[in-house]
Amino acid sequence: MTASNPVHDQSPTAPLDSTAHLMNRISSQLARQLSLVGPDGRRRPEPPALVVVAHGSRDPRALETVTALLDEVRALRPGLPVRLGHIELNEPLLADTLAALGDREAVLVPLLLGRGYHIKRDIPETAAASRVRARFAGALGPHPLLAEALHARLTEAGWHTPEDEATRRGTAVVLAAAGSRDPESKLDTSRTARLLAARLGVPVVPAYATTASPSVPDALAALAARGRTRVAVASYFTAPGRFATQCAEDAPWIASAPLGTHPAMARLLLHRYDHATPSAAPTRELATA
């Protein structure tokens, strides 16, 4: 079994990368300040804050990934206040992030791929206990931008759609997700699987690391019984963690990296923000979607 592993760049150019990152942040901050001033020289009112709500993870790579993703969002939309809050396990917790905003207006966008308890109960209840004037965006999925990011991650891992019919008949993809007891979450994952299948031209079967069925090993076994032995595992996770690692280890061929900081993810967060904010500017980031 093989799975794609991230390559850590230890070349002597790393300090240059750090300098470039610093310059990008300075440029973003300057652009943000300029965007707050109108043509008449008066200060524009700040837009509602974008609060990205992540689940939280004991894996330190998850927090690093989410932090980098928020930097991508800030670079795309200078002037937009972007905050991070976690449901559990990591700081800042959502309650603390909302408390720091006081009575400001905010749009809470879950960094979650499907509907479930966190979106329906945890996030609204936490917001209700704060002074924030909150609007709520839906789950990130299903959406074509997620299929775009999944396709790109598979390609990075070595995927190419087979050209000959015989190889195509033996090829498939398992879309490995976390799993939820909420049937709407499973429906959302199935819709994403269909979007991905339309891009790849082969069957895409949803499977789960926990709670829901089928499990990833069961899905792989069912595909093998149908003659689909060239099977890739597409990691339907927002960041590295235990479940993503476990699913990648089950892959009989290749496994993609989590969605992470793929550019489509930042664009999708802003898309969800805009749809929950009637007065927001149109989502320029979707122009190439």
If I compare all heavy atoms of [X] with all of [Y], which pair ends up nearest, and what's the gap?
{"X": "Ile254", "Y": "Ala157", "value": "CG2-O, 3.6 Å"}
{"X": "Ala219", "Y": "Ala207", "value": "CB-CB, 3.7 Å"}
{"X": "Ser180", "Y": "Ala212", "value": "O-CB, 3.8 Å"}
{"X": "Pro162", "Y": "Thr171", "value": "CG-OG1, 3.8 Å"}
{"X": "Leu84", "Y": "Pro92", "value": "O-CG, 3.1 Å"}
{"X": "Thr97", "Y": "Gly85", "value": "OG1-CA, 3.6 Å"}

- prompt: What residue among Val174, Leu187, Thr189 forms side chain to side chain contact (heavy atoms under 4.5 Å, CB included) with Pro206?
  reply: Thr189

- request: Identify the residue among Ser215, Pro252, Pro214 that makes a side chain to side chain contact (heavy atoms under 4.5 Å, CB included) with Leu220.
  value: Pro252

Examine distances only and state if a side-chain atom of [X] and a backbone atom of [Y] form a donor-acceptor pair shorter than 3.5 Å.
{"X": "Arg74", "Y": "Leu80", "answer": "no"}
{"X": "Ser130", "Y": "Ala99", "answer": "no"}
{"X": "Thr161", "Y": "Leu200", "answer": "yes"}
{"X": "Arg168", "Y": "Gly201", "answer": "yes"}

Distance, nearest 0.5 Å, that separates [atom1] of [X] from [atom2] of [Y]:
{"X": "His86", "Y": "Leu111", "atom1": "NE2", "atom2": "CG", "result": "8.5 Å"}
{"X": "His262", "Y": "Arg267", "atom1": "NE2", "atom2": "CZ", "result": "8.0 Å"}
{"X": "Leu108", "Y": "Tyr273", "atom1": "CG", "atom2": "OH", "result": "11.5 Å"}
{"X": "Tyr208", "Y": "Asp218", "atom1": "OH", "atom2": "CG", "result": "13.0 Å"}
{"X": "Ile123", "Y": "Leu98", "atom1": "CD1", "atom2": "CG", "result": "10.0 Å"}
{"X": "Asp188", "Y": "Leu112", "atom1": "CG", "atom2": "CG", "result": "11.0 Å"}

Do [X] and [Y] have side chains that approach each other closer than 4.5 Å (heavy atoms only, starting at C-beta)?
{"X": "Leu113", "Y": "Thr238", "value": "yes"}
{"X": "Leu223", "Y": "Val205", "value": "yes"}
{"X": "Pro263", "Y": "Glu148", "value": "no"}
{"X": "Val52", "Y": "Leu70", "value": "yes"}
{"X": "Val53", "Y": "Thr126", "value": "no"}
{"X": "Leu101", "Y": "Val51", "value": "yes"}

task: With side-chain contact (heavy atoms from CB on, under 4.5 Å) as the test, would you mind laying out the steps for Ser213 and Lys186 before giving the verdict?
output: CA-CA 9 Å; Ser213 61; Lys186 193 170 183 178; 4.1 Å; yes

Hey, are [X] and [Y] close enough for a salt bridge, meaning a charged N less than 4.0 Å from a carboxylate O?
{"X": "Asp274", "Y": "Arg77", "value": "yes"}
{"X": "Glu156", "Y": "Arg153", "value": "yes"}
{"X": "Glu105", "Y": "Arg135", "value": "yes"}

message: What verdict does the side chain to side chain donor-acceptor pair (under 3.5 Å) test give for Tyr236 and Thr192, after you've listed the backbone C-alpha separation in whole Å, the side-chain angles of each residue and the deciding distance to 0.1 Å?
response: CA-CA 9 Å; Tyr236 197 41; Thr192 298; 3.0 Å; yes

message: Would you say that more than 12 heavy atoms from the other residues, nucleotides or ligands in this model lie under 6.0 Å from the CZ of Arg242, or not?
response: no

- request: Count the heavy atoms of every other residue, nucleotide or ligand shown that sit under 6.0 Å from CD of Gln246, and state whether that count exceeds 12.
  value: yes

- prompt: Once the angle between the rings of Phe243 and Phe237 is folded into 0 to 90°, is it parallel (under 30°), tilted (30 to 60°) or perpendicular (over 60°)?
  reply: tilted

query: Given Leu195 and Leu146, is the side-chain contact (heavy atoms from CB on, under 4.5 Å) satisfied, shown in steps?
result: CA-CA 9 Å; Leu195 288 171; Leu146 289 174; over 6 Å; no

